Amino acid sequence: MNFDGLDSGLGEYSSSLHPGIDPSLDSSIEHSLDPSLLQNVELEADGVQLDGMSVSGPESVHLVEGMYSELHRVVAEVGVPVTASHFDLQDELLWVGNHGGHATSFFGPTMERYSSFQVNATDDIRHIQSIESGVLFLNKNNLKCFTRGGLIMFDYVMDEAEDMHSLLLTDNNSVLLGGLQNHVIEVDLNAVQGNEKYTVEVPGVTIMRQSNRFFFCGHTSGKVSLRDLRSFKVEHEFDAYSGSLSDFDVHGNLLVTCGFSNRMNGLSCDRFLMVYDLRMMRAISPLQVHVDPLFLRFIPTYTSRLAIISQSGQCQFCEPTGLASPADIFHINTVGQLVMTFDVSSSKQALVFGDSGGCVHLWADSPDATFNAYSRETEFPMPCMVDTLPHLDWNDDLLPLSLIPVPLITESLLSDWPTANCSVTPRRAPLVDLEILRTMKKVGFIGYAPNPKTKLRNQVPYKLKEMDAEFDSYNQIPESPIGREEEPHLYMVPKKYRKVTIKYSKLGLEDFDFKHYNKTLFAGLEPHIPNAYCNCMIQVLYLLEPIRCHVQNHLCQKEFCLGCELGFLFHMLDLSRGDPCQSHCWFQVTYSTMEDQNHASVNNLVPDTFGSSGESVIGKLFGCEVENCSTCRCGKETVRVSSSLLFTLQYPDMNSADKTIRQYEFAEVLKRSICLEQNTQAWCENCEKYQPTVSMFVLGKCAAIKELAYFPGAVYTMIIALWSNIMRGVKAILDERE
């Protein structure tokens, strides 16, 4: 191809690929590139180009199943020739690159613009190849990899003397780069560096293909060389044309080429396609076509037919070993522009053509054609949520803090107070009654003592300040005269912590105003029933979305199943709008029954409720991987890995000779509790007897709760405070282990 006759407004083309082609070969080139022939390209009123605008084709496009016809036509960039095209091998995307170094992708057969970005500011895009993690773009002397969204991953720069034209992906980790020089470069995509530089005897490797037997290299001299897959040495060579090679393709045992021949001291397009049998390594009868072939591809659907494309926009389909018929010629509506690039999708259902006017033509055999047989789901950007976010009222005390996403960071916040203005004032637990210590009996590490009955039930054991000055006269008066007689010291308890007794009337619960005590939409549970201590844990489980979803989807035929009853109770909490729910009817009965039968343990609850095979939801959210390393006196070390849901906190021993009281942080206590070191008698396989063994427990991997955002503001704040302390302890353990 010769680009010397192109209009200067279309940019400058390099004619080094085919230096011997005479401009007089195609007298229609200058006329066909006249900008006045771009009839269907529209401009805005101020002359700004409409990139990616869909160009109107024929009014009625009827696609016949099994036959290719134009489905869509869009403008990538007005007036800038399309120099490369490629169907993505992983996503339903079509990639095109132009002479100005700009890349554009379109999604699906509807050709919706997916991404558009600049690859190179000075050089044109000569080859595009998709890989698992991104897309490769080849320019004159550099290879760039971009994500499908347009972020650059790496830039491999070659010598300025290089003039690359072809790229071949040999596997997932390496590519071959060929051009007008006398060598081919192998580039490692992981290390982004050149591995090998293979010398070629015939310079000018502009086209490369691969089969399960050979590398095929097409040269500007008209030859096709077959090279070994490992050593890249020449095994066979075909001298296809006397002038230059235009394109070739390989399928099965057939190699078909098209190119130019020397005639009358110049180059002319040869209408004979050279066909080679790779089994016998010789040429068979050539195939004469009725168009000037510039591109060709095998389209092996039901038969191994060929698609032959001319630069003027003619497309002919024929069998490589048959006869070409003029009736199989189709015309691409290029509006007088030249076809510059051509590609076939991996599913063989779609064809793409790029012309010198910047248009991209998509042909397909059906309106719902797919580019790949099994494409992965294409990742789309999240829609802008600035205009859809709800208005937050900062004066609302019941506003959930979880509506405001806050990243987990280790740096200090702007709202943090300086250390000089803060003081740690821990609230120490009150001392245990001496009567309890005197009558206590220890069984293992648990102490039992009778209740001395020196304090009333639910009595606050802390020494509060004078309440008369802190609370007003209304708060000091109990709510009813009955309360004044039964609990005369009720005024010492803050009002929001006082026990509320529901007074039933003839209408039952309908007459009680629950909204007076609960203005939120979070439902409560009845507190005056047996086993009411489970209510807080039920609420925690309900606010964890994975557990709530699994429990609500659980259903079995057992008479007493905590999973089924929890699902029914969670359904009641979903339907409630702040009204309390009654859990005593079924859940508490089931729990009491299983508790009497010693079945209400975590080991029995988890498999029955959350699946009986594999890791449970509870284990994924709360489990920790623990390594038990046992070392015998002989030096043999045994490591066992297990998952634990429970750790017993081991507070440092206070009965040592040192009587000084030391404060221990929670992270230090947690570290001491998880990383235990014990001396036990254990069986040693090496000694074949019981030996004193040192067992050390090491934290391996800790699961994190990701569902904290579902808690309301106050609960969320308390959990975050506790969780931060736990994470500090876990981080200290992991840092020490590293």
Side-chain angles (χ1 to χ4, degrees), residues 1-14 28-59 61 70-87 93-128 135 137 139 146 150 294-295 309-313 331-343 350-363:
M1 293 180 294
N2 186 14
F3 304 113
D4 294 338
L6 292 178
D7 189 275
S8 59
L10 297 179
E12 180 181 359
Y13 268 89
S14 174
S28 64
I29 292 182
E30 292 188 15
H31 174 72
S32 63
L33 289 181
D34 191 349
S36 62
L37 296 179
L38 290 174
Q39 300 175 1
N40 289 343
V41 177
E42 299 181 6
L43 297 178
E44 294 180 354
D46 54 356
V48 180
Q49 61 188 23
L50 300 177
D51 292 345
M53 178 189 65
S54 178
V55 180
S56 60
E59 294 183 359
V61 179
E70 187 174 81
L71 182 61
H72 282 289
R73 181 164 27 125
V74 296
V75 178
E77 193 169 350
V78 176
V80 182
V82 178
T83 57
S85 60
H86 173 69
F87 284 100
L93 296 176
L94 169 61
W95 293 91
V96 294
N98 62 18
H99 185 64
H102 197 85
T104 308
S105 62
F106 302 94
F107 176 73
T110 58
M111 299 286 284
E112 298 178 6
R113 176 168 293 217
Y114 180 78
S115 61
S116 182
F117 48 89
Q118 191 72 24
V119 175
N120 196 293
T122 57
D123 296 329
D124 57 332
I125 298 176
R126 300 183 175 182
H127 201 107
I128 304 176
V135 183
F137 297 92
N139 299 104
F146 287 81
L294 186 70
F295 305 100
I309 315 299
S310 70
Q311 196 170 26
S312 59
H331 295 272
I332 306 169
N333 188 14
T334 60
V335 200
Q337 303 299 315
L338 301 181
V339 176
M340 307 298 296
T341 178
F342 167 61
D343 195 24
L351 312 176
V352 63
F353 308 92
D355 61 30
S356 57
C359 287
V360 181
H361 309 261
L362 179 66
W363 282 42

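Since we're looking at a predicted model, the values are computed, not measured.
One distance of note links CG of Asn98 with OG of Ser85; it measures 12.0 Å at 0.5 Å rounding. A distance of 4.0 Å separates OG in Ser356 from CD in Gln337, rounded to the nearest 0.5 Å. The line from CZ of Phe342 to CD of Gln311 is 14.5 Å long, rounded to the nearest 0.5 Å. To the nearest 0.5 Å, atom NE2 of residue His72 and atom CD of residue Glu112 are 9.0 Å apart. Taking CG from Leu71 and CG from Leu351, the interatomic distance works out to 11.0 Å, rounded to the nearest 0.5 Å.
Inter-residue side-chain proximity for Asp355 and His361 is flagged as met; some heavy-atom pair is nearer than 4.5 Å. Side-chain atoms of Val74 and Phe106, non-hydrogen and from C-beta on, do get closer than 4.5 Å to each other. Met111 is listed as a side-chain neighbour of Leu94, based on a closest heavy-atom distance under 4.5 Å. For the pair Asn333/Arg73, a side-chain contact is recorded, criterion being any heavy-atom separation below 4.5 Å from C-beta on.
Put simply, the side chain of Gln118 gets close to the backbone of Asn120: a donor and an acceptor are under 3.5 Å apart. Between the side chain of Asn139 and the backbone N or O of Asp124, at least one donor-acceptor pair lies under 3.5 Å. With hydrogens and angles ignored, the 3.5 Å screen pairs a side-chain donor or acceptor of Ser105 with a backbone N or O of Ser115. Looking only at distances, a side-chain donor or acceptor of Asp343 sits under 3.5 Å from a matching main-chain atom of Phe87.
Taking the centre of each ring, Phe146 and Phe117 come in below the 6.0 Å mark.
Counting all heavy atoms, side chain and backbone alike, Ile125 lies closest to Ala84 at O-CB, 3.8 Å. Here the shortest heavy-atom pairing between Ala76 and Val360 reads CB-CG2, 4.1 Å. In this structure, Val339 and Thr334 approach most closely via the heavy-atom pair CG2-CG2, 4.0 Å. Taking each heavy atom of Ser116 and Thr104 in turn, the nearest pair found is OG-OG1, 3.6 Å. Closest of all the heavy-atom pairs between Cys359 and Val75 is SG-CG2, 3.8 Å. Of all heavy-atom pairs spanning Pro81 and Gly79, the tightest one is CD-O, 3.6 Å.
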*After noting the C-alpha distance and the side-chain angles of Val352 and Trp363, does the key distance pass the side-chain contact (heavy atoms from CB on, under 4.5 Å) rule?*
CA-CA 6 Å; Val352 63; Trp363 282 42; over 6 Å; no
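Screening Ile309, Leu362, Thr341 against Phe353 for a side chain to side chain contact (heavy atoms under 4.5 Å, CB included) leaves a single residue, Ile309.
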